[in-house]
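What follows is a set of notes on a single structure, which appears directly below.
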Amino acid sequence: MIYLALGTNLGERAWNLEQAKALLAEELRTDMLCSEILETDAIGFSGPAFLNQVVGFESEMKPEALLDVCQKVEREMGRPAHEAEYDPQGHRIYHDRIIDIDILTYNDLKIKTDRLVLPHPQVWERPYVKQLLNDITI
């Protein structure tokens with residue numbers, strides 16, 4: 001099973017999640033299991049609260065191709081292309097976003113490349129992600 005985390009803190013947040021799921025389902029040609037939606041404070045910066053959701057599905061798509069799909073959906077929804085930013089001390093810099101789609105896990109694969117790390121390095125650091133994963137896998 002593949003799990004993605006969806007997050008949004010700009011605009012019509014509930015609609016953003018629905019739109020992201022619809023675009024992903026269209027691109028991936030699959031049905032998805034969906035967790036509940038949780039509202040959380042922004043982490044790592046001051047900004048509006050996020051709505052977060054986890055979706056799960058099966059696919060034969062290669063992980064890098066899935067990353068391309070996730071980034072395509074983000075761009076289609078108005079998020080500019082981006083790369084991780086870090087301050088001089090090496091801490092990650094975060095920003096508001098209309099949609100954020102992270103690949104949390106891809107079956108049992110472990111990958112570490114310049115583009116993709118699986119499982120997602122923060123998957124176990126954020127309590128709400130664990131809660132949403134637990135919600136979807138029950």
Side-chain angles (χ1 to χ4, degrees):
M1 187 71 92
I2 299 165
Y3 294 101
L4 306 179
L6 311 178
T8 174
N9 77 329
L10 293 176
E12 297 294 326
R13 299 174 305 156
W15 185 89
N16 294 343
L17 292 177
E18 292 304 315
Q19 182 69 9
K21 289 184 293 187
L23 291 169
L24 285 166
E26 181 179 315
E27 287 284 334
L28 300 170
R29 294 181 171 83
T30 189
D31 293 325
M32 293 183 282
L33 300 172
C34 299
S35 73
E36 65 180 322
I37 296 172
L38 285 180
E39 185 172 50
T40 61
D41 291 334
I43 296 175
F45 70 102
S46 294
F50 277 79
L51 287 187
N52 301 282
Q53 188 171 38
V54 168
V55 297
F57 56 94
E58 298 284 350
S59 177
E60 298 297 319
M61 182 178 284
K62 301 279 187 210
E64 293 80 8
L66 176 59
L67 178 61
D68 291 338
V69 167
C70 293
Q71 291 175 341
K72 177 182 177 190
V73 169
E74 289 177 339
R75 286 189 310 273
E76 285 179 10
M77 291 185 61
R79 183 173 181 184
H82 60 281
E83 291 187 20
E85 295 178 64
Y86 297 89
D87 68 15
Q89 291 75 36
H91 300 106
R92 179 88 187 260
I93 298 171
Y94 294 97
H95 301 281
D96 296 314
R97 44 207 174 270
I98 194 158
I99 194 67
D100 185 39
I101 304 172
D102 291 327
I103 305 171
L104 298 175
T105 63
Y106 190 108
N107 300 320
D108 294 326
L109 286 179
K110 293 185 183 341
I111 297 173
K112 187 168 187 173
T113 69
D114 290 341
R115 286 193 69 213
L116 184 61
V117 177
L118 292 174
H120 192 286
Q122 297 166 337
V123 69
W124 307 121
E125 294 176 13
R126 299 201 169 147
Y128 70 88
V129 173
K130 289 187 275 189
Q131 181 179 342
L132 293 172
L133 277 169
N134 188 51
D135 178 56
I136 199 171
T137 57
I138 290 178

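Only heavy atoms go into these numbers, but all of them, side chains included; no hydrogens, no water, no symmetry mates. None of the values given here were measured: they were computed from a predicted structure.
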Taking every heavy atom of Leu118 against every heavy atom of Pro63, the minimum-distance pair comes out as CD1-CB, 4.1 Å
If you round to the nearest 0.5 Å, how far is OG1 of Thr40 from OH of Tyr128?
5.0 Å
Side chain to side chain contact (heavy atoms under 4.5 Å, CB included) partner of Ile103, chosen from Leu4, Val117, Leu109:
Leu4
For Met32 against Lys21, the heavy-atom pair lying closest together:
CE-O, 3.1 Å
In Å, rounded to the nearest 0.5 Å, how long is the span from OH of Tyr106 to CE of Met61?
8.0 Å
Straight-line distance of Lys72 NZ to Asp68 CG, nearest 0.5 Å
10.0 Å
Measuring from atom CE of Met77 to atom OG1 of Thr8, what distance do you get when rounded to the nearest 0.5 angstrom?
6.5 Å
Is there a path from Ile43 to Leu6 through hydrophobic residues (I, L, V, M, F, W, Y) whose side chains come within less than 4.5 Å of each other?
no
Would you give the length of the straight line joining atom CD of Glu26 to atom CG of Leu23, rounded to the nearest 0.5 angstrom?
6.5 Å
Please lay out, stage by stage, how Leu66 and Leu28 fare under the test side-chain contact (heavy atoms from CB on, under 4.5 Å).
CA-CA 8 Å; Leu66 176 59; Leu28 300 170; 3.8 Å; yes
Please confirm whether the backbone N or O of Glu36 pairs with a side-chain atom of Asp135, one donor and one acceptor, at under 3.5 Å?
yes
Min side-chain heavy-atom separation Ile99-Val73 under 4.5 Å
no
For Glu12, does the CD atom sit with more than 12 other heavy atoms under 6.0 Å from it, leaving out its own atoms?
no
Hydrophobic clustering (ILVMFWY, side-chain heavy atoms < 4.5 Å, transitive) - are Leu132 and Tyr3 grouped together?
yes
Answer with yes or no whether the hydrophobic clustering places Ile136 together with Leu38; edges join I, L, V, M, F, W, Y residues whose side-chain heavy atoms lie under 4.5 Å apart.
yes
Identify whether Leu51 and Leu133 are in the same connected component of the hydrophobic contact network (ILVMFWY, side-chain heavy atoms under 4.5 Å).
no
Within 6.0 angstrom of Lys130 NZ, more than 12 heavy atoms from elsewhere:
yes
Single-linkage hydrophobic cluster, 4.5 Å side-chain cutoff, Phe57 and Ile101 together:
yes
Could you tell me which non-hydrogen atom of Ala42 sits nearest to which non-hydrogen atom of Pro48, and how far apart they are?
CB-O, 4.0 Å
When rounded to the nearest 0.5 angstrom, what distance separates SG in Cys70 from CD in Glu27?
10.0 Å
Donor-acceptor pair, side chain of Gln53 and main chain of Cys34, under 3.5 angstrom
no
Sub-3.5 Å donor-acceptor pair from the side chain of Thr105 to the main-chain atoms of Ile2, do we have one?
no
Flag, side chain of Asn9 to backbone of Asp96, donor-acceptor distance under 3.5 Å
no
Start with the C-alpha distance between Arg115 and Gln71, add both sets of side-chain angles, then the distance that settles side-chain contact (heavy atoms from CB on, under 4.5 Å), and finish with yes or no.
CA-CA 12 Å; Arg115 286 193 69 213; Gln71 291 175 341; 3.4 Å; yes
Tell me whether Arg13 contacts the main-chain N or O of Ala49 through its side chain, where contact means a donor paired with an acceptor under 3.5 Å.
yes
Below 4.5 Å, heavy atoms only, C-beta onward: do Leu33 and Met1 meet side chain to side chain?
yes
If only atom types and distance count, is the side chain of Asn16 paired as donor or acceptor with the main-chain N or O of Gly11 below 3.5 Å?
no
